[in-house]
S.K.: 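Provided herewith is a single structure, encoded as structure tokens, for subsequent inquiry.
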Amino acid sequence: MREATSVAAARVPAAAAGARTLVELDARVSGCFACPRLVQWRTEVAGTRRRAFAEETYWGRAVPGFGPADARIVIVGLAPAAHGANRTGRMFTGDRSGDWLYAALFRAGLASQPVSVAIGDGLELSDVRVTAPVRCAPPANRPAPDERDRCLPWLVRELELVRSTLRVVVALGGFAWGATLAAARALGLVVPRPRPTFGHGAEVRLASRGGTERGITVLGCYHVSQQNTFTGRLTEPMLDALLARAKTAATEEVAR
């Protein structure tokens, strides 16, 4: 990754739009200081650390997306976990949610291995990229609306940079669903009004304005949080079926 340069709030839209490649975008994301509350929290967590990780050096910065530039499927979560991606520097890596997601991606043939513990652990993704609408770990895992909106240009540009191959977006939870539709609208895709309602298995196909570009399919999926996986609201068969639908939809979009 390129060396990060500091990005303040007023510069986020221009910094995101000016990134010519995903590598450049990822570097700019990791240098973002746009949200004072999130910067303070991610730094505090990185300094105090959890006892189990007391000997580790935390990433403690905004977290970029992870996956190839020619992905046909993009998975959008919520935000980095305080002792997960905020520690490891890679989305959904080092926490229980990531354990669930990457194991499912492995079963779906989209990941090279079923575990994700640290950058450099050998994990590679195929045909899928994992990202989030908020790039810093928020207190209580709850970003504020202004933080979500300030961070949105990063997601818009990320989707734009994979637009030529992108066919399906899987939104993990209602927060990701709303952010995905907002980003899609910013990219010139037609989002129905009233806005489609999130639900597990919800599906909406978004066409481009004027039909000049290929559309994308957005699928809703319950988030892989412990709140959902421990209670049985989201099960492995449910997640596997959703990812199978995403793969099928990606193939169908190519055939359109």
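We're numbering straight along the sequence, starting at 1.
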S.K.: Is there a path of hydrophobic side-chain contacts, each under 4.5 Å between heavy atoms of I, L, V, M, F, W or Y residues, that connects Leu110 with Leu219?
M.R.: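 Yes: a chain of side-chain contacts under 4.5 Å links Leu110 to Leu219.
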S.K.: Given the rule in the side chain to side chain contact (heavy atoms under 4.5 Å, CB included) test, do Val168 and Val74 qualify, once you have shown the distances and angles that lead to the verdict?
M.R.: CA-CA 6 Å; Val168 178; Val74 170; over 6 Å; no
S.K.: Using atom types as modelled, flag every donor-acceptor pair under 3.5 Å from a side chain in residues 189-204 to any protein atom, sequence neighbours excluded.
M.R.:
unit_1	atom_1	unit_2	atom_2	d
His200	ND1	Tyr222	N	3.0
Glu203	OE1	Arg245	NH2	2.5

S.K.: Could you state the interatomic distance from OG (Ser30) to CH2 (Trp59), rounded to the nearest 0.5 Å?
M.R.: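 Ser30 OG to Trp59 CH2: 5.0 Å, rounded to 0.5 Å.
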S.K.: Rounded to the nearest 0.5 Å, what's the gap from CZ on Arg214 to OG on Ser164? Could you check?
M.R.: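 Arg214 CZ to Ser164 OG: 10.5 Å, rounded to 0.5 Å.
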S.K.: Under 3.5 Å, side chain of Gln40 to main-chain N/O of Arg37, donor-acceptor pair present?
M.R.: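 No, because the side chain of Gln40 does not come within donor-acceptor range (under 3.5 Å) of the backbone of Arg37.
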S.K.: Under 4.5 Å between side-chain heavy atoms, hopping through other hydrophobics if needed: is there a path connecting Val156 to Val134?
M.R.: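 Unlinked, Val156 and Val134 end up in two clusters.
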S.K.: Does any N or O in the side chain of Thr88 come within less than 3.5 Å of the main-chain N or O of Ala118, such that one atom is a donor and the other an acceptor?
M.R.: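 Checked: no pair found.
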S.K.: Using every non-hydrogen atom in the two residues, find where Ala108 and Lys247 come nearest and quote the distance to one decimal.
M.R.: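 Distance-wise, the nearest heavy atoms are O-NZ, 2.7 Å.
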S.K.: Please report the interatomic distance CG(Leu166) to CD1(Ile73), rounded to the nearest 0.5 Å.
M.R.: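 It is 9.5 Å, given to the nearest 0.5 Å.
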S.K.: So which atom in Gln113 and which in Gly122 form the shortest heavy-atom distance, rounded to 0.1 Å?
M.R.: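 Nearest heavy atoms, Gln113 then Gly122: OE1-C, 3.7 Å.
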S.K.: Which heavy atom in Pro80 sits nearest to a heavy atom in Asn141, and how many Å separate them?
M.R.: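 Shortest heavy-atom separation between Pro80 and Asn141 comes out as O-OD1, 4.4 Å.
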S.K.: Identify the two heavy atoms, one from Arg163 and one from Arg167, that lie closest to each other, and give their separation to 0.1 Å.
M.R.: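 Of all heavy-atom pairs spanning Arg163 and Arg167, the closest is O-NH1, 4.2 Å.
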S.K.: Do the side chains of Leu155 and Val128 join up, straight or via other hydrophobic residues, at under 4.5 Å, putting them in one cluster?
M.R.: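 Same cluster: Leu155 reaches Val128 through Ile, Leu, Val, Met, Phe, Trp or Tyr contacts under 4.5 Å.
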S.K.: Between Leu239 and Trp100, does the side chain to side chain contact (heavy atoms under 4.5 Å, CB included) criterion hold? Intermediate values first, please.
M.R.: CA-CA 9 Å; Leu239 184 54; Trp100 261 73; 4.1 Å; yes
S.K.: Who clusters with Val115? Use side-chain heavy atoms, under 4.5 angstrom, across I, L, V, M, F, W and Y, and order the result by chain and number.
M.R.: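 ILVMFWY cluster around Val115 holds nothing else.
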S.K.: Going by the rule ring pair (Phe, Tyr, Trp, His ring centres under 6.0 Å), which residues pair with Phe175 if we only count those two or more places apart in sequence or in a different chain?
M.R.: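 Ring pair (Phe, Tyr, Trp, His ring centres under 6.0 Å) check on Phe175 returns nothing, list empty.
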S.K.: Got Leu181 and Leu206 here, is their nearest side-chain heavy-atom distance under 4.5 Å?
M.R.: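 Yes, their side chains come closer than 4.5 Å.
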S.K.: Restricting to ring pair (Phe, Tyr, Trp, His ring centres under 6.0 Å), what partner residues turn up for Tyr102, sequence neighbours left out?
M.R.: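 Tyr102: no ring pair (Phe, Tyr, Trp, His ring centres under 6.0 Å) contacts found.
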S.K.: Working to the nearest 0.5 angstrom, can you tell me the gap between Phe106 CZ and Leu125 CG?
M.R.: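 With rounding to 0.5 Å, CZ (Phe106) is 12.5 Å from CG (Leu125).
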S.K.: How would you list, by chain and number, every residue that makes a salt bridge (charged side-chain N to carboxylate O under 4.0 Å, His left out) with Asp149, sequence neighbours excluded?
M.R.: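 None.
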S.K.: State whether the side chain of Thr231 and the backbone N or O of Asn228 hold a donor-acceptor pair below 3.5 Å, judged by distance alone.
M.R.: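 A pair under 3.5 Å: yes.
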S.K.: Shortest non-hydrogen contact from Pro68 to Leu22?
M.R.: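 Looking at all heavy atoms of both residues, the shortest contact is O-CD1, 4.4 Å.
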S.K.: Could you pull out all residues at least two apart from Ala244 that satisfy side chain to side chain contact (heavy atoms under 4.5 Å, CB included)?
M.R.: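 Counting only residues at least two positions away or on another chain, Ala244 forms no side chain to side chain contact (heavy atoms under 4.5 Å, CB included).
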S.K.: Give a yes or no on whether the backbone of Ala54 and the side-chain of Arg49 come within a donor-acceptor separation of less than 3.5 Å.
M.R.: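 Checking the backbone N and O of Ala54 against the side chain of Arg49, a donor-acceptor pair under 3.5 Å is found.
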S.K.: How many angstroms lie between atom OG of Ser126 and atom CG of Asp70, to the nearest 0.5 angstrom?
M.R.: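 The distance works out to 8.0 Å.
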S.K.: So Val63 and Val29, side chain to side chain contact (heavy atoms under 4.5 Å, CB included) or not? Walk me through it.
M.R.: CA-CA 7 Å; Val63 181; Val29 166; over 6 Å; no
S.K.: Identify, with sequence neighbours excluded, every residue that meets side chain to side chain contact (heavy atoms under 4.5 Å, CB included) alongside Ala171.
M.R.: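 By the side chain to side chain contact (heavy atoms under 4.5 Å, CB included) rule, Ala171 matches Ala176, Trp177, Thr180.
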S.K.: Checking Asp146 now: which residues fulfil side chain to side chain donor-acceptor pair (under 3.5 Å) with it, not counting sequence neighbours?
M.R.: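 Residues passing side chain to side chain donor-acceptor pair (under 3.5 Å) with Asp146: Arg150.
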S.K.: Which other residues end up in the same hydrophobic cluster as Tyr58, if Ile, Leu, Val, Met, Phe, Trp and Tyr are linked when side-chain heavy atoms come under 4.5 Å apart?
M.R.: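 Tyr58 shares its hydrophobic cluster with Trp41, Val45, Phe53.
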S.K.: So, the side chain of Arg233 versus the backbone of Gln227: is there a donor-acceptor pair under 3.5 Å, distance only?
M.R.: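 A pair under 3.5 Å: no.
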S.K.: Would you give the length of the straight line joining atom CG of Leu78 to atom OG of Ser225, rounded to the nearest 0.5 angstrom?
M.R.: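 The distance works out to 9.0 Å.
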S.K.: Would you confirm whether Ser97, through its side chain, and Val224, through its main-chain N or O, come within 3.5 Å as a donor-acceptor pair?
M.R.: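 The answer is yes, because a donor-acceptor pair under 3.5 Å joins these two groups.
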S.K.: Quick one: do the Ser116 and Thr93 side chains pair a donor with an acceptor below 3.5 Å?
M.R.: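 The criterion, which ignores hydrogens and geometry beyond distance, is satisfied for Thr93 and Ser116.
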S.K.: Can you pull out every salt bridge (Lys or Arg N to Asp or Glu O under 4.0 Å) where at least one residue sits in residues 85-109? Sequence neighbours excluded, please.
M.R.: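 As it turns out, the salt bridge (Lys or Arg N to Asp or Glu O under 4.0 Å) pairs with a partner in residues 85-109, which skip direct neighbours, are Glu56-Arg87, Arg90-Asp121, Arg107-Asp240.
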S.K.: So do the side chains of Leu161 and Thr21 get within less than 4.5 Å of each other, counting heavy atoms only?
M.R.: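 A side-chain contact under 4.5 Å is absent here.
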S.K.: Closest approach of Ala179 and Pro133, non-hydrogen atoms and distance?
M.R.: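 Result for this residue pair: CB-CB, 3.5 Å.
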S.K.: Assess whether side chain to side chain contact (heavy atoms under 4.5 Å, CB included) is satisfied between Leu159 and Thr131, documenting all intermediate values.
M.R.: CA-CA 10 Å; Leu159 295 180; Thr131 190; 5.6 Å; no
S.K.: Quick check: does any side chain N or O of Arg28 sit under 3.5 Å from a backbone N or O of Ala15, one acting as donor and the other as acceptor?
M.R.: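 Answer holds: yes.
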S.K.: Who passes salt bridge (charged side-chain N to carboxylate O under 4.0 Å, His left out) against Arg42, sequence neighbours left out?
M.R.: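 Not a single residue meets the salt bridge (charged side-chain N to carboxylate O under 4.0 Å, His left out) criterion with Arg42.
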S.K.: Does anything in residues 123-140 pair up under salt bridge (Lys or Arg N to Asp or Glu O under 4.0 Å), and if so which pairs, sequence neighbours excluded?
M.R.: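 Listed by first then second residue: Asp26-Arg129, Arg72-Asp127, Arg129-Glu158, Arg135-Glu158.
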S.K.: Is the backbone N or O of Arg20 less than 3.5 Å from a side-chain atom of Glu24, with the two atoms forming a donor-acceptor pair by type?
M.R.: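 At least one qualifying donor-acceptor pair exists.
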